[in-house]
Enquirer: 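One structure coming up, written as structure tokens, with questions to follow.
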Amino acid sequence: MEKSFEPAQIESKWYERWEASGAFQPSGQGEPYCILLPPPNVTGTLHMGHAFQQTVMDMLVRYQRMRGMNTLWQVGTDHAGIATQKIVENQLAVEEKTRHDLGRDAFVERVWKWKEESGSTITNQMRRIGAAADWSRERFTMDEGLSAAVRKVFIDWYRAGLIYRGNRLVNWDPVLGTAVSDLEVNNIERDGHMWSIRYQTSDGKDSVVIATTRPETMLGDVAVAVHPEDERYTHLIGKTLALPLTGRQIPIIADAYVDREFGTGAVKITPAHDFNDYQIGQRHGLPLMTVLTLDAKIISPATSVTPATGGPAQIGSRGLAVTHEPTKYIPEKYWGMDRFAARKAIVADLEAAGLLVETKPHKLQVPVSDRSDAVIEPMLTDQWFVDLTSDTLADGRPGGRKTITEPALDAVRSGEIKFVPENWATTYTQWLDNIQDWCISRQLWWGHRIPAWYDEAGNIFVGEDEADARKSATTTPVGALRQDDDVLDTWFSSALWPFSTLGWPANGPVKNERGEVVANWEQDKIFLPSAVLVTGFDIIFFWVARMVMATKYFTGQVPFREVYINAIVRDAEGQKMSKSKGNTLDPLDLIDGIELEPLVAKSTKSLLIPQVREKVEKRVRKDYPDGIPAIGTDALRFTFAALASYSRTINFDIKRAEGYKAFCNKLWNAARFVLMNLPEGEIAAPAGTPVTEAERWILTRLKQTLGEVEQHFISYRFDHLAQALYEFTWNELCDWFLELSKPALNGDDVVAAASTRHTLLVVLESVLRALHPIIPFITEEIWQSVAPKLALTENSLMQRSWPRAEEIVADDAATAEIEWFKNVLSGIRKIRSEMNISPAKTIPLLLADGDASDRVRITKFAAQIAFLARTETPQWIESGADEPAAAAAVVGTLRVMIPLAGLIDLGAEKARLAKEISRIEVEIKKCEGKLGNANFVANAPAEVVVQERQRITDWNTTLTALREQAQKLG
RNA sequence: GGGUGCUUAGCUCAGCGGUAGAGCGUCGCCCUUACAAGGCGGUGGUCGUAGGUUCGAUCCCUACAGCACCCA
């Protein structure tokens with residue numbers, strides 16, 4: 001083995017060998033254990049969040065595989081509709097083209113090409129972090145099999161009446177030209193204005209002042225609403241107002257939704273451009289008047305306001321009249337104006353008309369598209385929806401709430417699905433309790449095209465293809481059929497991931513484009529439900545809930561038994577990582593290291609605004625003046641494990657990672673030590689139990705540690721798990737057992753030496769197995785050198801079983817011996833250090849008092865003490881004999897002494913003793929305080945009182961010895 | 001407005017009813033033949049504030065303050 005741990009050298013070779021050996025595939029034996037990878041964007045790159053999440057999954061999968069489970073880590077990628085389409089559109093923009101210049105087919109072909117080029121980036125990066133996933137079953141949400149699942153689900157839900165087409169208000173992104181999910185809309189607080197506008201009654205005798213942040217939508221006002229009990233307005237309810245700038249007559253209505261305290265207590269109602277107003281409009285049977293086009297301009301006779309969505313527009317799904325005839329209600333001067341220009345113009349015109357009562361600054365929540373940063377416009381369009389809210393359909397069949405939403409709620413409420421940490425279940429159920437119908441159509445070209453056709457009369461035909469749609473139709477199509485232009489929301493296909501990846505809906509083998517079998521539902525359905533879903537809280541709604549809905553509906557099963565919600569990775573100061581802040585970290589840069597200049601170049605590459613570039617460059621130069629050191633995959637993984645508590649964020653501190661690289665080096669060198677102390681060839685196991693206390697102690701500690709680690713795996717406490725193994729390896733194995741083995745290996749007792757050699761090997765091999773799920777590369781590399789010594793026949797550490805606590809014998813007596821030994825040695829070390837005795841100097845050691853067991857132990861450990869504390873052979877001072885002035889450590893009643901002569905300053909030792917005595921006196925006072933309190937003795941549990949009494953006894957023993965020593969020094 | 005968290009050593013975080021812990025940093029000594037990415041030893045905290053419950057509170061309860069995030 002090399003003298004120090006070099007991650008780059010060992011990481012490069014193992015992954016390929018593991019993958020080629022088929023070790024990542026299900027063994028076909030044992031209980032099924034499946035983890036689904038949240039499919040990343042196929043054209044994306046790996047970020048810290050992925051690396052963290054995947055490390056967690058990999059630890060679980062590797063651990064369960066070693067425990068003999070039939071493990072499947074199902075991987076694949078997502079087509080990420082909007083994101084991917086946007087990347088390719090941006091590429092076209094560089095060529096000064098739009099997707100419309102290419103046409104649909106050519107554009108989609110181009111996206112596929114981009115997918116082929118960049119699609120393997122993220123999966124190769126996953127390999128770099130060691131993900132032991134079954135790549136032979138890798139899937140893509142738009143591959144043949146998964147697309148078949150999408151069609152089947154759409155058709156089945158449609159035929160069950162659970163998918164419908166409706167003209168509804170949706171979140172419209174006017175830049176991307178598509179509907180987006182309300183989950184893709186962020187409400188951001190921005191500075192705006194609150195305008196108060198006077199609307200006069202039709203008879204001119206009275207007026208109402210309304211307050212609004214969006215005056216341009218007044219063109220579509222159809223009413224003004226007040227609270228029914230608002231005395232300021234009750235006399236006006238039922239009267240009509242003349243809408244300023246247009247003169248159109250609109251009613252004053254009463255609705256309890258109106259907040260009397262807000263603004264003037266009177267609100268304009270624009271049902272076609274506001275979600276709340278839409279609700280009020282429905283309650284009062286108000287018409288919908290569209291004033292904006294799909295690119296957010298005021299409508300004009302020249303612009304089409306009928307959404308360019310797939311099929312023919314339908315008139316108001318809930319029986320409301322929809323109007324979009326600008327000539328009837330929009331003054332010509334506003335026609336075609338951009339929404340923000342129109343706002344200015346209308347405010348100016350109102351002011352000129354003397355109707356603008358007040359303008360004041362106002363902070364408002366602006367809905368902004370997550371995808372384009374455009375301000376979202378609620379817009380009436382024709383879209384497809386999944387019904388999640390109705391109990392029964394018009395024809396009497398059960399509705400979506402009964403068949404989709406409630407089963408998904410019950411799965412969590414009943415405990416069939418468990419969230420970890422469990423409070424996320426609340427988030428899940430609250431969202432589902434208030435869920436709206438799911439808008440699943442998107443006005444994009446990249447995605448699963450909706451399997452619906454329209455005839456010339458606007459009738460809908462749904463099927464696998466046009467022929468199937470015709471065949472299953474109940475009416476005869478009028479003229480030619482035309483397929484809907486729109487595609488489905490990406491999450492529609494992701495929702496099917498738990499079963500579509502296993503081969504559903506096909507009955508037999510499913511092949512990929514290379515003709516290889518990737519799934520077979522008949523056999524693979526044993527992996528449903530999967531064991532645990534590891535994912536971020538930000539997609540509980542997007543994805544987790546929808547997987548439960550779809551999987552429950554189509555398979556009757558839950559998709560997973562547990563959902564481990566992992567923390568979000570932030571920078572060391574707790575700031576969200578963002579490119580424009582310059583605080584992102586590329587996991588591969590941590591693994592491989594990167595020099596400062598390339599790092600600066602990389603961090604600023606995609607930033608277009610000069611000020612931002614400058615800011616980011618400054619920050620990178622400040623944070624990483626020497627670039628980023630290479631810490632290797634194993635250390636990065638260990639860091640993630642150590643940081644993975646139940647906290648909802650983890651602040652990634654590179655210092656922490658460097659510390660865990662040191663841990664890897666420690667393990668490496670411990671292995672070197674063990675191996676260099678072994679003779680050639682196999683090391684046979686000596687008969688019987690290990691000879692020395694040290695061996696039996698380290699095995700006891702190993703047993704305890706493994707037991708703890710198993711518990712931490714069950715509870716997903718990777719931080720505790722990592723810490724338990726870290727402490728065992730470093731603080732017990734390296735600091736004590738390896739040190740204790742030195743005198744044993746070099747001593748005269750050949751039996752003890754042979755036994756110790758074997759135990760060193762066994763404990764090392766067990767630790768490698770225990771650590772392998774966290775740090776697979778280094779453990780495999782070391783194990784390859786260790787295995788022949790134990791005559792192990794497996795080819796890889798991956799094939800070994802995880803070490804089980806119950807296979808190890810504990811020895812409490814040996815543990816007590818070693819704890820005593822550690823106390824003696826620490827006492828001596830403390831004196832040496834505090835008295836500034838050179839570590840190289842061998843010093844005399846005297847012993848006094850103590851009991852019979854101390855005598856036995858001193859005899860037993862004399863060689864170890866002398867070796868590890870650099871002392872001469874210990875000498876007993878018999879009771880009553882003269883003692884030289886000495887510094888002493890007290891262990892029980894035993895005094896362990898180092899003579900002062902020539903070594904120690906008497907004053908310093910007195911001071912040291914005095915400090916120790918006063919510390920113990922404080923402790924004793926605390927104990928006495930408790931025990932002197934009758935209430936404590938009466939009320940505290942008996943064992944606590946006993947424990948307190950024991951403590952005071954122990955303290956007093958030590959105190960007596962210390963005082964005796966102090967007295968001897970004079 | 002509704003909801004969920006967080007506040008513990010200089011930093012990043014565990015602990016959550018009975019002796020305040022880890023890693024990193026820091027200070028001192030040491031290049032001792034596994035490891036200076038190391039060894040040994042030390043320093044460092046009235047556990048956000050104020051009340052309450054309890055024999056006992058960092059831990060439970062209430063209020064407040066500050067900081068996040070989610071949903072309207």
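All figures in this text were calculated on a predicted structure; none of them were measured in a lab.
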Enquirer: Contact class for A:Tyr726 vs. all strands (heavy atom < 4.0 Å): base, sugar-phosphate, or nothing?
Expert: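 Here A:Tyr726 touches the backbone only, sparing every base.
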
Enquirer: Could you tell me whether A:Glu739 contacts a base, only the sugar-phosphate backbone, or nothing, with contacts defined as non-hydrogen atoms closer than 4.0 Å?
Expert: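 It contacts base atoms.
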
Enquirer: By the 4.0 Å heavy-atom rule, please label A:Thr427 as base, sugar-phosphate, or nothing.
Expert: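 Since no nucleic acid heavy atom lies under 4.0 Å of A:Thr427, the category is nothing.
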
Enquirer: Mind checking if A:Lys742 touches a base, just sugar-phosphate, or nothing, with heavy atoms under 4.0 Å?
Expert: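 Base contact - A:Lys742 has a heavy atom under 4.0 Å of at least one base atom.
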
Enquirer: Base, sugar-phosphate, or nothing: which does A:Arg717 touch, judged by heavy atoms less than 4.0 Å apart?
Expert: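 Since only primed, P, OP1 and OP2 atoms lie under 4.0 Å of A:Arg717, the category is sugar-phosphate.
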
Enquirer: When you match A:Arg648 and A:Asn677 each to their closest nucleotide on RNA chain B, which lands nearer the 5' end?
Expert: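 Its nearest nucleotide being more 5', the pick is A:Arg648.
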
Enquirer: For A:Glu6, which contact category applies under a 4.0 Å heavy-atom criterion: base, sugar-phosphate, or nothing?
Expert: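 Answer is base: heavy atoms of A:Glu6 come under 4.0 Å of a base.
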
Enquirer: In whole Å, what separates the C1' atom of B:G15 from that of B:A72?
Expert: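 Pairwise C1' distance, B:G15 against B:A72, rounds to 36 Å.
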
Enquirer: Does A:Lys742 make a cation-pi contact with A:Phe673, if we ask for NZ or CZ under 6.0 Å from the ring centre and within 45° of the axis?
Expert: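 Flagged: A:Lys742 positioned over aromatic ring of A:Phe673.
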
Enquirer: Spell out, as yes or no, whether a donor-acceptor pair under 3.5 Å connects the side chain of A:Glu184 to the backbone of A:Ser181.
Expert: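 Answer holds: yes.
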
Enquirer: Base, sugar-phosphate, or nothing for A:Tyr660, non-hydrogen atoms under 4.0 angstrom?
Expert: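 Answer is nothing: A:Tyr660 stays at 4.0 Å or more from every strand.
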
Enquirer: Test your reading of the model: is there a side-chain donor-acceptor pair from A:Asn434 to the backbone of A:Gln430, 3.5 Å cut-off?
Expert: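 Here the side-chain-to-backbone pair exists.
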
Enquirer: Which atom pair, heavy atoms only, marks the closest approach of A:Ala408 to A:Tyr428?
Expert: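 Shortest heavy-atom separation between A:Ala408 and A:Tyr428 comes out as O-OH, 2.8 Å.
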
Enquirer: Could you check whether A:Gln430 gets within reach of a base, just the sugar-phosphate, or nothing at all, counting any heavy atom under 4.0 Å?
Expert: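 Touches sugar-phosphate only.
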
Enquirer: How far does the P atom of B:A9 sit from the matching atom of B:G3, given to the nearest Å?
Expert: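 It comes out at 30 Å once rounded to the nearest Å.
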
Enquirer: Pick the closest RNA chain B nucleotide for A:Pro941 and for A:Ser645 by heavy atoms, then say which residue is nearer the 5' end.
Expert: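 Per heavy-atom nearest nucleotide, the more 5' residue is A:Ser645.
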
Enquirer: If you look at every strand shown and take non-hydrogen atoms under 4.0 Å, does A:Ala840 touch a base, only sugar-phosphate, or nothing?
Expert: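 Nothing, no heavy atom under 4.0 Å.
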
Enquirer: Reckon A:Lys655 touches a base, only the sugar-phosphate, or nothing at all at heavy-atom distances under 4.0 Å?
Expert: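 Counting heavy atoms under 4.0 Å across all strands, the contact made by A:Lys655 is with sugar-phosphate only.
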
Enquirer: Are A:Glu765 and A:Lys789 ion-paired here, with the side-chain N under 4.0 Å from a carboxylate O?
Expert: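 No.
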
